[in-house]
Structures are given as C-alpha cells and as structure tokens.
There are 2 protein chains.
Amino acid sequence: MVCRPEDVGFPAVGSGMSKKTITINEIARLAGVSKKSVSRVLNDEQGVSDKTRAHIKHIMQEAGYEPDRRARALASSRSLLLGLAYNNRNPSYILDLLAGSQRAANALGYEVVMHQIADEGAAADDVIRFMRRSGCDGLIITPPLSESARLLADLVSEDWPMVRVAGDHADFAVPQIRYNDRTAALSLTNQLLKDGHRELAFIGGPAAAGPTKRRLAGIQDALTLHGLTADDLTIVYGDFTFESGKQQGLALLQGSTRPSAIVCANDEMAAGVYHAAAVCGVAIPAELSVTGFDDSPVASHLYPPLTSVRQPVQAMMALAVQMLTGDSKRPPSDRIAQFDAEVVARESTAVPHPINAD
Amino acid sequence: MVCRPEDVGFPAVGSGMSKKTITINEIARLAGVSKKSVSRVLNDEQGVSDKTRAHIKHIMQEAGYEPDRRARALASSRSLLLGLAYNNRNPSYILDLLAGSQRAANALGYEVVMHQIADEGAAADDVIRFMRRSGCDGLIITPPLSESARLLADLVSEDWPMVRVAGDHADFAVPQIRYNDRTAALSLTNQLLKDGHRELAFIGGPAAAGPTKRRLAGIQDALTLHGLTADDLTIVYGDFTFESGKQQGLALLQGSTRPSAIVCANDEMAAGVYHAAAVCGVAIPAELSVTGFDDSPVASHLYPPLTSVRQPVQAMMALAVQMLTGDSKRPPSDRIAQFDAEVVARESTAVPHPINAD
DNA sequence: CTGTTAGCGCTTTCAT
DNA sequence: ATGAAAGCGCTAACAG
C-alpha cells in the first residue's frame, strides 16, 4: 500500500544528481572576465561596461546559467526568502495574498514561504521560531493576525523587516498596507439607501475587530449623509464565520423589526444569512437585500450572487514585497499605504419590497 | 499614500542586523569539542558518545543556537526546501495540502514553497524554471496538474525527486499518493440506492479526467451491486466549476426525465446544482438529493449542508514529504500509495419524494 | 571599469 | 569516537 523511495528506484533528496551545475567560475572563464564581473551583472550592479555586461549576459543565457541561491544566500547573508504568516480564515483570500506576493517576490528573485499560525495565543513565539528556522529575510503578516496588538508588540523588537496587511493599531512601528473598507462600506450603504432601504442591519465580526469597526463606521457615514441616525441601524456581532452569520441572520429575520437589508462584514456571514433566509422563507433580494465583504468565490456561488467588496490584493502585496525587499520606487509618505476597494454589485440587492414596509 | 521603507526608519532586507548570530564554532568552543561533533549532533549522526551528545545538546539549548540553513544548504547541496506546485482550483483544498505538507516538512527541518502554475499548457517549463530558481530539493505535484500525462512526461527526466497527489497514469515513474475515490463513490451511491433512488444522474468533470473516471466507475460499481445497468444512470460532464454544475444541473432538472439524485464529482458543481434547483423551484433534499466530493467549506455552507467525501489530506501529505526527503519508515510496496476516504453524510440527501416517481 | 583576496557557516573527507 | 583541513558557489572589501 505504501511505497518507500529506495524500493522503487525513486531518488530521494541528495541521492543521485546527474546534470552538472554551471558555476559562476565557468561563466567567468567562458566570458574571459573575472567572476566578480559576472557577479556584478547578476546583481545589476554598476561597474561593468555595457559591452562587457551584454557579453556576459549572452554567455549566461547560452550556458543556461542559473545562480545558486544557496551560495548567494550564504555569502550575502540574505536567504532570498520572504515569509507570509497567516491564520486560515478565508482560504481563497489567503491564496490570493500568496499569489500576489509570489508574483512580486519572484520578479525580484525571492520566494515566498507560508506559515500557518495554529495557536493565536502563542502567535509571537510561533512566528519567531518560524523566522529563525526558515531564515526568511522579511515577513508579511496578514489579517486577522495583523490586527493583534499583542503579536505586533512582541514582534516589533525582532530584527527582520515586516509589513502587515490590513491592520489597525497605527501606533506600532510596523508599516501597514490596507484598503479603504470604510469608504467601500459607505458607498455600499449609500446604494442601499438610494434604493429606498430604511431598515438596515449590520452583522459585524467581533465588535473589537478592526474590519468590523471600519466597516460599521462607513455604514454610519452613509446614514449620516442621508440624514439618518444610529437608531436606523440594527447592529449585531458575529465572528466572521458562516455559522455566526446564520445565527445572527435568524435572529434578525425572526425578530420584531425585520430589516430590509443586511450588510455583512464578510461573505461567509452573508452566506449564513442566505441560509437563515432560506430557513425563514425570506426571498433574496425581493424581500431582503444582502451584501458581503471580500468578494470571495462564495460570493458568486451563492444564489442569487452576492454583492460584495473587492480589495486590490495584487497591488497591495506587490507593495508589501517591495517594502520588504527595499525595492520600492514609490514616492515617500507615512507608514500606512491605503488602497481603494471596489464594490462588486451583483443580484443580492434590490429595491425593498413593499411588504416589508408594514 | 504610499510609504518607502527608508523614509520611515523601516529596516529593509539587509539594512540593519543587530543580534549577533551564534555559530557552530561558538557551540563547539563552549562545549569543548570540535565543530564536527556539533555537526554530528545536529544531523543525528553516529560517532558521538551519548555523554558528549547530551552535553552538546544542552549547550545548544542554553545558547539558543539555531543552525544557519543557508550554510547548511550550501555545504550539503540541499536547500531544505520542498516545492508544492498547484493550479488554483479549490483554495481550501490547496491550503489543506499546504498545511499537511508543511506540518510534516517542518518536523524534518524543511520548509514548503508554493508555486502556482498560471498557464497549464506551459506547465512543464514553468515548473522547471521554478525548481531551478528556488533550488527546492523535491516537488509535490497536486491535482489537476498531477493528472497531466504531458507534464509528467516532461518532468520525469529532471533530476529532483517528485511525488504526485492523486493522479492517474500509473505508467509513469513518478510515485503517486491517492485516495480511493472509486470506493467512496461506491458507498455514496450505495446509500442513495438503499434510500430508494432509482433515477440517478452524475455530473462529472471533464470526461477524460481521472477523478471523473474513478468516481463514475464507483457509481457504476454500486449500480451493478444493486442489479442495475448503465441505463439507470444519466451521465453529463462539466469542468469542476460552479458554473458548469449550474448549467448541467439546469439541463437535468429541466429535462424530460428528472433525476431524484445527482452525484456531483466535486462540491463546486454541487453548489451549481443547488443554484439550478433554486431556479427551478426544486427542493433539496425533499425533491432532489445531491452529493459532492472533496468536503470543501462550501459543502457545509450550502443549504442544506452537502453530503460529500473527505480525503485524508494530512496523512497523504505527510507521506509525500517523507518520500521526498527519504525519511519514510513505512513498509515497502509499489509506487502507488492509496488511502481510504470518508463519506461525510449531511442533509442534502433523503428518501426520494413520491412525486418524483411518476 | 576590472580584478584579487577572503571569507559566509556549515558539511565533507580523511586522518587519528 | 573524535578532530583537522578543505571546500560548497557566491559576495564583500579592497585593490589596481
């Protein structure tokens, strides 16, 4: 049932190498220059004439030379590895972050190593061990880890560069890259209000969570714009899970004042609301409008497809990588980079049904 | 809006290191032995007395020594990195694979580097470039890449070890680790037949895909067991996407002989069938039973929760890593390791509604 | 602009 | 069972 490498002529690590590796010495010899010159070309350094540089590049190309990252790592005391710490909340989001960072990292000669934090309580130790073990040159911290004040406080004294994606706690010295979810929530809500919705509800994540607070603030901004007050919004809190969305959805739909629209702080909880609506026999969007956040795959797979908010993950991760590797050519500013998000309107929202008005 | 590291006192890679690194020389000096002895302890090699070994270990512990993986990599010509090539089909599945392989890899001192294949047509070149660039010691190929005969043929001559997760083409020299989805499909279908379903439909992925063929075969096994024939099963093909599930679901539900149960080759397509059922006003499970494969999060988030098949990802990836690193202590056998899957029964299946019988 | 000389921290090889 | 020496392939620091 199970095979062992040795028994099937299967080469395990280090067992049998065949193709000879081309070294920098070889290239230097072929090009008739010193290996230092080759090194300079490799690292895009100055100090090589254009002619020599072109010649060396040509030789490298021809020989199919690939620099040995291990040797480079040792000699330059960089590993050319970047760490990405995550906390498996939304798989598709995490993979998007990975894809975005990988694309940018590879372009700069780096690879991305993922690290999942199992126990959020011991996250700092976990991350530190990971960084020491892996030797990564820098670290990207993703939400919700990036929201943890404690983690950041414990990490800020470490000596590797880090950036965090979408976090609060602007007081920490760790630069952050976020998108403007408050503004996104505002325009989302604005549309609902324009459609005529007046009985709104918000299902947040944990009340203390950054995304919850920012998204709620955006909703309230919209209410204010329309001359409404805090009383016009029912606020309940979940924990970003499907189950919590379902529970809070049930509570809202079975309550005395059923909302005509529910804004959810993420798509998972919105899916839970769909579930609750199905249980209660409430039609979406005819009797209930629902919106989410994150534009995860589930948003397009729900029926009807869910209106959600999409963040510019590619651009955000590209910046993160550039900051970590010191390759940023962007203009200077403070330590918070903010991007704009996009509301993806789908069929989960509609003009409220008159039946709801009674 | 955007910050540059230099401008905010943010340490980019290699800019400012402070904490002194402890080297093997240091440990050797503290322990009063040669660094070779320390190296032996590090690598669990023989040739050190128990007493000396314990002493060295103690010193290492005390000093908080962490071996430099870059130096180790260069000297031993291993990178202690394992590659995981994937093809973003099902994010939660990919992350499960990652988590499983990471756990096993870390235990052996390895890290896992992911690599997404963008263009499936040029997958081989892409993978080869990745492996050369990253210097990974071995490669794990995941589905659907692992099903590609062409990719495997192009890769089999490379000189790094590889394993594939869930692939067909047993003729190639690349060992594979799979689970028994045929048997799982059998027991799934068996249950439907026991429940009294007689009008079954199967929505496969592409007809030529391994999972499609294996799962279909399992269904047919069950039919045979119950004395039914191929005529008792309607077979249609999708492409594992939500959209294709929806299309085929609509076709089946609007067709002349509406099935009482639809077995889908994955959860995404089952979600599409839910969508189709909603459109057609068909109640699940009262009027239609649906099952999926993979037990992805969507399975539990659909309403009603979807019966699906869960594969032992952890165990499979642990074996994959052991095979790549040559650390396998399992008994020898042929080059296919097969695990058993588990049917996770939820509320998407029920005894067929009499109305359907006419 | 180009080259030389030393290492990076560890493993390997071969002594003892 | 232990240790000394010689690199791994590259970059750093300095020379010309």
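Below, read A as the first sequence line, B as the second, and so on, with proteins coming before strands; counting in each chain starts at 1. For clarity, every value in this text was computed on a predicted model and none was experimentally measured.
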Which residues pass the salt bridge (charged side-chain N to carboxylate O under 4.0 Å, His left out) test with E45(B), sequence neighbours left out?
-> K36(B)
Quick one: does S134(A)'s side chain have a donor or acceptor within less than 3.5 Å of a partner on F130(A)'s backbone?
-> yes
Residues at least two apart in sequence or cross-chain that pass salt bridge (charged side-chain N to carboxylate O under 4.0 Å, His left out) with D96(A), listed by chain then number, are none
Using whole Å, report how far CG of N25(B) lies from P of dG7(C).
-> 13 Å
Of all pairs that satisfy salt bridge (Lys or Arg N to Asp or Glu O under 4.0 Å), the ones with a partner from residues 57-66 of chain B, not counting sequence neighbours = none
Mind listing the residues from residues 56-68 of chain A sitting with a heavy atom below 4.0 Å of DNA chain D? Number order is fine.
-> Y65(A), P67(A), D68(A)
Provide the start and end nucleotides, 5' to 3', of the part of DNA chain D that has atoms under 4.0 Å from heavy atoms of chain A.
-> dG9(D) to dA13(D)
Correct closest heavy-atom pair for A318(B) and A104(B) would be CA-CB, 3.6 Å
Residues forming a salt bridge (charged side-chain N to carboxylate O under 4.0 Å, His left out) with R29(A), sequence neighbours excluded | E26(A)
Applying side chain to side chain donor-acceptor pair (under 3.5 Å) to T23(A) and not counting sequence neighbours gives none
Residues, nucleotides or ligands: over 12 heavy atoms within 6.0 Å of R53(B) CZ | yes
Of all heavy-atom pairs between A99(B) and Q116(A), which one has the smallest distance, and what is that distance?
-> CB-OE1, 3.4 Å
Is a side-chain N or O of T52(A) found less than 3.5 angstrom from the main chain of V48(A), in a donor-acceptor match?
-> no
Once each nucleotide of nucleotides 11-16 of chain C is scored for protein heavy atoms under 4.0 Å, what B/S/- sequence comes out, 5' to 3'?
-> BBB---
List in chain and number order the residues that pass salt bridge (charged side-chain N to carboxylate O under 4.0 Å, His left out) with R133(A), two or more places apart in sequence or in another chain; answer none if no residue qualifies.
-> E111(B)
Which atom of L324(B) lies closest to which atom of I140(B), heavy atoms considered = CD1-CG1, 3.4 Å
Might you point out which heavy atoms bring V112(B) and L98(B) nearest each other, and give the distance in Å?
-> CG1-CD1, 3.9 Å
Using modelled atom types only, decide if a donor and an acceptor are shared between the side chain of S101(B) and the backbone of A320(B) within a distance under 3.5 Å.
-> no
Any salt bridge (Lys or Arg N to Asp or Glu O under 4.0 Å) involving residues 112-126 of chain B? Give me the pairs, sequence neighbours left out, ordered by first then second residue.
-> none
Proximity to DNA chain C (any heavy atom under 4.0 Å), residues of residues 27-34 of chain A only | V33(A), S34(A)
Which dot-bracket string describes DNA chain D (Watson-Crick N1-N3 plus N6-O4 or O6-N4, or G-U N1-O2 and O6-N3, all under 3.5 Å; [ ] crossing; | other strand)?
-> |||||||||||.||||
